[in-house]
Amino acid sequence: MKPDFEKLVKKLQTTASIQQVDRLLGWDEQVNLPPGSAETRARQMAAMADVLYERRTDPELGNLIDSLIAESGSLSQDELRIVKLAKKDFDEEQCLNTEFVARRASAMSQSYHAWVEARQSGNFKSFAPFLQEQIDLAKEYAELCGAENAYNFWIDKHDPGMSQESITRLFEPLQAELIPIVNTIEASSQSKPIQDFKDFPVADQESFLRKVISGLGFDFNQGRLDRSIHPFCSGSGQDIRMTTRFFEDNPLDSLFSSIHEAGHGMYEQGLPTAWYGTALGEDAGMGVHESQSRLWENQVARSRPFWKFWESTYREAFPSQLETLTSEDLYRAVNAVRVIPIRVDSDEVTYNLHIILRFRLEKQLFSGEISVEQLPEAWRALAKEILGLDLTDDTQGCLQDVHWSGGAFGYFPSYTLGNMMAAQIWYALEDQIEDLEVQMAQGNFQEILSWLKENIHAQGRRMNIEELTKQATGHELGHTDLIRYLKERYLPLYAN
């Protein structure tokens with residue numbers, strides 16, 4: 001490496017390590033923090049935000065980047081990509097100020113705890129001022145960075161290169177083709193639940209799901225699994241922190257939530273460690289991240305070959321609970337389709353309709369078409385229009401998700417972008433791994449993970465989601481393969 005480039009990498013890596021400490025505080029806040037310590041944690045998070053901001057806007061860092069850009073002819077293609085993205089990140093941080101960064105970090109922590117209380121009580125009005133503050137801060141952030149459209153600014157931060165216009169072009173035909181599939185399934189005589197799951201001890205659930213995610217390829221030597229209100233994955237490839245939640249009468253929730261988060265974790269564990277802290281050691285955006293989690297959760301873990309291998313172990317763990325279920329009953333339960341209010345509990349057929357609902361509401365909130373006070377009513381109206389649901393309270397609607405309490409606007413579309421990419425990857429895997437289903441039925445998932453590491457993980461931030469999808473699968477990002485996959489897997493199950 002050139003001395004200046006080596007110095008840049010060291011600076012980026014030190015900042016990345018400090019950021020990991022900051023993320024550990026966030027993980028601890030949702031896993032271990034005592035109820036009376038929220039105010040103290042808010043001050044800690046604000047202090048960490050201040051430290052990170054100072055490092056990210058360090059004039060010496062800016063001078064290093066400018067010097068390297070001036071000598072770009074002596075850099076390799078990978079080195080130049082790192083420098084250019086460091087410049088983009090540096091310029092974006094420069095537009096902020098320490099007062100705003102600390103104020104936003106403190107407000108995010110307070111907003112999270114306000115959401116927890118509001119969700120428990122079902123009182124949206126108590127959370128509304130905090131949500132309004134998060135929207136105001138998001139707009140202020142975008143304005144400080146010179147963005148003409150605040151919502152597009154946040155979409156691009158989560159999924160570089162995307163905008164509300166490009167997402168709308170993808171989502172509108174998806175919605176048009178999804179609703180008839182849902183209606184067909186709803187009208188089927190096979191659409192009723194096979195059997196309720198009851199009395200699955202939490203300890204046995206956790207033991208089984210740990211075997212599963214380890215078998216898929218998640219490395220517990222560099223990661224752990226804990227519990228929180230809302231499942232999530234945080235940390236870096238060398239220290240992944242995942243959480244899930246458990247219900248004795250809903251064991252599939254914890255299982256598939258854990259597989260989902262393990263997909264995120266395996267992506268992080270597959271990023272190039274040699275480029276830790278630089279753009280080539282970072283993910284390509286949240287849509288790509290979601291493609292990894294949703295691929296493992298849905299295309300892999302809801303398939304017949306997956307359950308051909310894991311069913312016997314599952315029955316050994318829960319012999320009496322599964323005694324009356326045939327293998328086909330279990331498979332249908334795993335792939336049950338029901339229109340319900342809660343996004344994280346939804347099946348993969350209806351899930352994207354939940355995302356489309358949130359995307360439309362975010363556009364309206366940022367454009368001023370609706371106010372925060374009108375959000376509950378607007379949510380209910382769209383739930384009726386898109387999902388055909390009559391919601392009974394706000395815990396089924398605008399209080400169910402944690403994302404907005406942390407200012408994560410423009411993030412929800414990433415889930416469906418990821419679902420689209422995952423479907424395209426699945427067909428690429430089928431084309432390129434001749435005995436894919438045989439391997440899965442034998443409990444061998446290594447070739448899938450190896451393909452993902454080579455074609456997705458190893459690329460870091462070299463490409464955005466559209467570019468990476470095209471290179472990895474040979475096709476433009478779109479809704480066609482997702483619709484094909486859903487029809488192929490679910491319509492035969494629900495044929496009258």
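Note that the structure is a prediction, hence the values are computed from the model and not measured.
Under a 4.0 Å N-O distance rule, the pair Glu92/Arg56 does not qualify as a salt bridge. A salt bridge does not link Lys308 to Glu437: none of the charged nitrogens lies less than 4.0 Å from a carboxylate oxygen. A salt bridge links Arg245 to Asp253: one of the charged nitrogens lies within less than 4.0 Å of a carboxylate oxygen. A salt bridge is absent between Arg23 and Asp28; no separation between the charged side-chain nitrogens and carboxylate oxygens falls under 4.0 Å. Note on Arg461 versus Asp283: no salt bridge recorded, every NZ/NE/NH1/NH2 to OD/OE distance being 4.0 Å or above. Ion pairing between Arg358 and Glu362 fails under the 4.0 Å rule for side-chain N and carboxylate O. The residues Glu261 and Arg241 are annotated as not salt-bridged, no charged nitrogen and carboxylate oxygen being separated by less than 4.0 angstrom. Between Arg294 and Glu297, at least one side-chain nitrogen of the basic residue sits less than 4.0 Å from a carboxylate oxygen of the acidic one, meeting the salt-bridge criterion.
Put simply, the side chain of Ser163 does not reach to within 4.5 Å of the side chain of Asp156, judged on heavy atoms. By the 4.5 Å heavy-atom criterion applied to side chains, Tyr490 and Ile181 are not counted as neighbours. Side-chain atoms of Asp401 and Tyr411, non-hydrogen and from C-beta on, never get closer than 4.5 Å to each other. At a threshold of 4.5 Å between non-hydrogen side-chain atoms, the residues Arg360 and Gln175 count as touching.
Taking the ring centroids of Phe200 and Phe318, they lie under the 6.0 Å cut-off.
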Stepwise, does the side-chain contact (heavy atoms from CB on, under 4.5 Å) test hold for Arg119 with Asp394?
-> CA-CA 8 Å; Arg119 188 172 184 268; Asp394 292 335; over 6 Å; no
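Under the side chain to side chain donor-acceptor pair (under 3.5 Å) test applied with Glu268, the options Gln292, His289, His457 reduce to a single match, His289.
Relative orientation of the Phe127 and Phe124 rings is perpendicular, given thresholds of 30° and 60° on the angle between their planes.
Checking side-chain atoms of Thr469 against main-chain N and O of Ile465 turns up a donor-acceptor pair under 3.5 Å.
Counted within 6.0 Å of CD on Gln446, heavy atoms from surrounding residues, nucleotides or ligands total more than 12; the atom is thus considered enclosed.
At a cut-off of 3.5 Å, with distance as the only test, no side-chain donor of Gln238 or Gln222 sits close to an acceptor on the other residue.
With sequence neighbours left out, the ring-ring contact (aromatic ring centres under 6.0 Å, His included) criterion links Tyr141 to Phe100, Phe153, Trp154.
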